[in-house]
Amino acid sequence: MDIKLPDGSSRALNDGANGYDLARDISPSLAKVALLAEIDGTVCDLNTPLHDGAQVAILTRKDEAILPHLRHSCAHILAEAVQRLFGDVQITFGPATETGFYYDFYRETPFVQDDLAQIEAEMHRIVAENSNFRRSVWTRAQMLDWCQEHGETFKAEHVGNIPADEDLSVYHQGEWMDMCRGPHLPNTGAVGKGFKLMKLAGAYWRGDANNPQLQRIYGTCWRDTKELSAHLHMLEEAEKRDHRRLGREMNLFHLQEEAAGSVFWHPRGWTLYRVMQDYMRARQIEGGYQEVKTPQLLDRVFWEKSGHWDKYREDMFVLPEGASNEDTGEGKAHALKPMNCPCHVMIFRQGIKSYRDLPLRMAEFGSCHRNEASGALHGLMRVRAFTQDDAHIFCTPEQIAEETVRFCTLLQQIYQDFGFSDIQVLFSDRPKVRAGSDAVWDQAEAALSAAGKAAGLDFTHNPGDGAFYGPKLDFVLRDALGREWQCGTLQCDFVLPERLGANYIGADGAEHRPVMLHRAIIGSFERFCGVLIEHYAGKLPMWLAPVQAMVCTISEGADAYAASVLERFHKAGLRTESDIRNQKIGYKIREHSLQKIPALVVVGAKEAETGSVAIRRLGSTEQHILPLEEAISTLCLEATPPHLRNI
RNA sequence: GCCGCAGUAGCUCAGUGGUAGAGCGCGUCAUUGGUAAUGACGAGGUCGAGAGUCCGAUUCUCUCCUGUGGCACCA
């Protein structure tokens, strides 16, 4: 038979030959390092038989494509090690992840951290044993017998979930085996030493909280120890830019247990927050939005009417009846608002709206409370009290397309200004269970998807994942470490205007129902602050930096000059502080550099005499001596928020 | 909410069945210096909260709280 190779050449092999035979035919040295075969674009075991005319590539350690399979094989080795060491363990699943693998086990007694070292040592032993991975195909009955015999109830349950027309394959390695689709490396030795067990975690069987909890062991796995240490180093770097750590070190905010999930903003952190908010407000006004402010605490009846009570009451903060005054037991039941939209509909409903009022764009920096599960809280990223850059656009169905384009344009501008250029858009269309007629969905989906494309955004289709009340676009941005953050969203809603009785008078003189577009760009200010801190590793661009310049004196003799410099900087609108402490200049430089202050303004006798300043920028060791006014105009230029530039 | 881990000075952490220690930070004093740590001295702790075992608990046990890594959740 004839096999085509990646370089366009072809090779004649005997019938029944496999990838290994091909590798050996090409060269004995290739056969030694061959790990997997990519047959017609699908990665397969090396010993998978080839067919005539197949396009085949032999994969070796050099190919990144082996990584998922290397990791998956490593997961099997983990599972074998665990079953060797612990008698009372059932195996379940163990897939590859983005940087490694995990395996979920069932065991009455949980694993503890100290078990990991022992397990890892056993894994190295299994690698050293260098057993072949051997695939075989079993019948359902054979498999179930095996599960019965070995007490593997979870695997047995899974047998029933494998499509009837699919082969049920098992992979052996030495004495051990697992039911698995494969493919795998030729032998356990091929996994090498580039792996490490990372952490223990709980996970539910089949991802469902109603099912038994399994014990998950995470590992990371790479092609060699060099790649492994590079990855571990990257993790250390990521830890250094953790916003919780930087928030403390830079004195931006803190959290404490009496207010779990709510932020104490310190002066510097609140400055960042305010600068962001001022910027967002300005951009929104440019974008044709009107800003409003609505109540935090509303009668329970209101939430019942809006439909939130039924759906979200578990996660709402509620004041039960009588709680408003503990002494007298007076007061109706209330709840803190978990979102702003119903309140915005209330404003829309005041007075009679005409089609001439549409589209009506109503924005609020809406402070919301959601009683998030305790295990979900995480620094600024997941909190219980937060403020959204929320807005609702009331419009006609015909206006959806244009409003979407306007929104995408605004969003792109804002992300760019904050320093994010890699934006991914997910378009989610009608779910199975939904409200509204198909005709309206047709129109909304077409409008959204066309508008997304028109705005020139990267576009991924996410079928069936829309909200029950309408299709949506989600905007995911990628930060400096390549992590993804879903921040922006645009959701069509045909339901809430109806539930809460919003309408307008059309050109025909009749009442019509507006469509509501729920939209946010940064999502929550709290979370976005966290994202910014991590994206910039604390080194915020000048316009966002809480303190933009620090005037540092060389010695006491320069105090008076420093005070006049500080005053000039303040007058120029630069957020500036001064450090006239009795310390050496090196000490001050170090301290304010660690505080990530963008411009250090050093003044001593020389500067005082010539009316100049020595500027040292964060991240550089150079000093630039400039006349005071020139320094100010240079820094001011950079410190100008994006919406005020070029005007 | 579930599973693992953790909670000791402002921060990072050590430590012990007989009520505690370091470094940094903070304060005072000396030093007046030229770009990432000047020196000396000093203050600072209900060892997360509650209960139990014990003559005695920060240490052992239990419960709770909070944090943390996951899972589930995320309008």
Side-chain angles (χ1 to χ4, degrees), chain A residues 97 102 104-105 107 109-116 198-218 242 244-245 248-249 251 254-261 303 306-308 310-316 337-342 368 370-379 381-384 386 388 390 467-469 472 486 489 491 493 496 518 520 523-524 527 552-559 580-595 600-607 614-623 625:
Chain A
T97 64
Y102 65 79
D104 285 346
F105 301 96
R107 185 180 181 225
T109 1
F111 294 112
V112 295
Q113 204 67 33
D114 292 342
D115 295 332
L116 292 187
M198 302 298 281
K199 53 202 171 195
L200 285 171
Y204 300 105
W205 169 239
R206 299 193 172 285
D208 185 336
N210 299 311
N211 285 342
Q213 181 136 23
L214 307 174
Q215 323 258 343
R216 177 171 296 181
I217 299 179
Y218 279 94
D242 187 309
R244 293 165 299 183
R245 174 178 173 153
R248 188 177 55 240
E249 288 172 0
N251 197 9
H254 84 269
L255 296 150
Q256 66 184 52
E257 58 178 273
E258 289 87 345
W303 299 111
S306 73
H308 291 84
D310 270 351
K311 224 176 155 194
Y312 301 118
R313 131 204 197 176
E314 289 275 294
D315 299 319
M316 287 166 70
K337 71 172 168 187
M339 55 202 312
N340 309 298
C341 28
C368 297
R370 294 180 187 173
N371 196 4
E372 302 285 0
S374 58
L377 299 178
H378 178 90
M381 301 304 191
R382 192 81 178 266
V383 288
R384 290 188 174 140
F386 56 93
Q388 294 174 306
D390 201 7
F468 78 97
Y469 49 71
K472 62 173 181 171
Q486 199 247 295
T489 189
Q491 305 174 1
D493 185 352
L496 201 60
H518 305 246
S524 116
R527 179 160 171 271
C552 303
T553 48
I554 299 286
S555 69
E556 215 174 323
D559 284 1
I580 57 168
R581 288 176 301 174
N582 179 6
Q583 280 293 353
K584 289 190 174 177
I585 191 64
Y587 181 92
K588 297 182 186 181
I589 297 288
R590 175 181 154 82
E591 184 163 303
H592 302 302
S593 297
L594 289 172
Q595 288 287 308
L600 301 184
V601 182
V602 178
V603 295
K606 275 188 283 183
E607 289 77 12
I615 305 277
R616 173 179 164 136
R617 297 300 308 266
L618 182 61
S620 161
T621 54
E622 285 174 36
Q623 340 167 12
I625 309 219

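Residue numbers begin at 1 in each chain, while the letters A, B, ... track the order of the sequences. Please read these numbers as outputs of a predicted model, since none were measured by experiment.
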Looking across every strand, which nucleic acid part, if any, lies under 4.0 Å from [X] by heavy atom: base, sugar-phosphate, or nothing?
{"X": "A:Phe111", "answer": "sugar-phosphate"}
{"X": "A:Ala467", "answer": "nothing"}
{"X": "A:Lys606", "answer": "base"}
{"X": "A:Glu607", "answer": "base"}
{"X": "A:Ile554", "answer": "base"}

Which whole number of Å gives the distance between the [atom1] atom of [N] and that of [M]?
{"N": "B:G23", "M": "B:G44", "atom1": "C1'", "value": "15 Å"}
{"N": "B:U58", "M": "B:G17", "atom1": "P", "value": "13 Å"}
{"N": "B:G69", "M": "B:U59", "atom1": "C1'", "value": "26 Å"}
{"N": "B:C60", "M": "B:C3", "atom1": "C1'", "value": "24 Å"}
{"N": "B:G15", "M": "B:A9", "atom1": "P", "value": "15 Å"}
{"N": "B:C62", "M": "B:U53", "atom1": "C1'", "value": "11 Å"}
{"N": "B:C65", "M": "B:C24", "atom1": "C1'", "value": "29 Å"}
{"N": "B:A43", "M": "B:G21", "atom1": "C1'", "value": "16 Å"}

> Between A:Glu556 and A:Arg581, is there a salt bridge with N-O shorter than 4.0 Å?
Replying inline: no

> Below 4.0 angstrom, N of the basic side chain to O of the carboxylate: do A:Arg206 and A:Asp208 qualify?
Replying inline: no

>> Counting only heavy atoms from other residues, nucleotides and ligands, does the tally under 6.0 Å from CD of A:Gln256 exceed 12?
In response: yes

> What one-letter contact string describes nucleotides 69-75 of chain B from 5' to 3', where B marks a base within less than 4.0 Å of any protein heavy atom, S marks contact via sugar-phosphate atoms alone, and - marks no contact?
Replying inline: BBBBBBB

> How does each nucleotide of nucleotides 39-49 of chain B score, in 5' to 3' order, for protein heavy atoms under 4.0 Å: base (B), sugar-phosphate only (S), or none (-)?
Replying inline: -----------

> Reading RNA chain B 5' to 3', how would its secondary structure be written in dot-bracket notation, given Watson-Crick and G-U pairs with both distances under 3.5 Å, brackets [ ] for crossing pairs and | for partners on other strands?
Replying inline: (((((((..((((....[..)))).(((((.......))))).....(((((..]....))))))))))))....

>> Of the options B:C3, B:G34, B:C26, whose atoms approach the side-chain atoms of A:Val602 most closely?
In response: B:G34

>> Of the listed nucleotides (B:A36, B:G34, B:G33), which one gets closest to any side-chain atom of A:Ile589?
In response: B:A36

>> With heavy-atom distances below 4.5 Å as the criterion, would you say the side chains of A:Arg370 and A:Phe386 are in contact?
In response: yes

> Considering only heavy atoms from C-beta outward, does the side chain of A:Asp315 approach that of A:Glu372 to under 4.5 Å?
Replying inline: no

>> I'd like to know if the side chain of A:Gln388 pairs up with that of A:Asn340 as donor and acceptor (distance under 3.5 Å, no hydrogens or angles considered).
In response: yes

>> Can you confirm whether the side chains of A:Glu622 and A:Ser620 place a donor and an acceptor under 3.5 Å from each other?
In response: no

> Would A:Tyr587 and A:His592 count as a close aromatic pair, with their ring centres under 6.0 Å?
Replying inline: no

Should [X] be listed as having a side-chain N or O under 4.0 Å from OP1 or OP2 of [N]?
{"X": "A:Arg107", "N": "B:C3", "answer": "no"}
{"X": "A:Gln583", "N": "B:G33", "answer": "no"}
{"X": "A:Tyr587", "N": "B:G25", "answer": "yes"}
{"X": "A:Ser374", "N": "B:G1", "answer": "yes"}

>> Go nucleotide by nucleotide along RNA chain B from the 5' end; which of A:Arg581 and A:Leu255 gets its closest nucleotide reached first?
In response: A:Arg581

Give the rounded distance in Å between these two atoms: [atom1] of [X] and [atom2] of [N].
{"X": "A:Leu600", "N": "B:U35", "atom1": "CG", "atom2": "C1'", "result": "9 Å"}
{"X": "A:Arg590", "N": "B:G25", "atom1": "CZ", "atom2": "P", "result": "8 Å"}
{"X": "A:Glu249", "N": "B:G10", "atom1": "CD", "atom2": "C1'", "result": "13 Å"}

Rounded distance [0.5 Å steps], [atom1] in [X] versus [atom2] in [Y]:
{"X": "A:Cys341", "Y": "A:Gln491", "atom1": "SG", "atom2": "CD", "answer": "9.0 Å"}
{"X": "A:Asn210", "Y": "A:Trp205", "atom1": "CG", "atom2": "CH2", "answer": "15.0 Å"}
{"X": "A:Met198", "Y": "A:Tyr218", "atom1": "CE", "atom2": "OH", "answer": "12.0 Å"}

>> Against A:Lys588, only a single residue in A:Val602, A:Ile554, A:Leu600, A:Thr553 fulfils side chain to side chain contact (heavy atoms under 4.5 Å, CB included); can you say which?
In response: A:Thr553

> What are the two closest non-hydrogen atoms of A:Leu496 and A:Ser306, and how far apart are they?
Replying inline: CD1-O, 3.9 Å

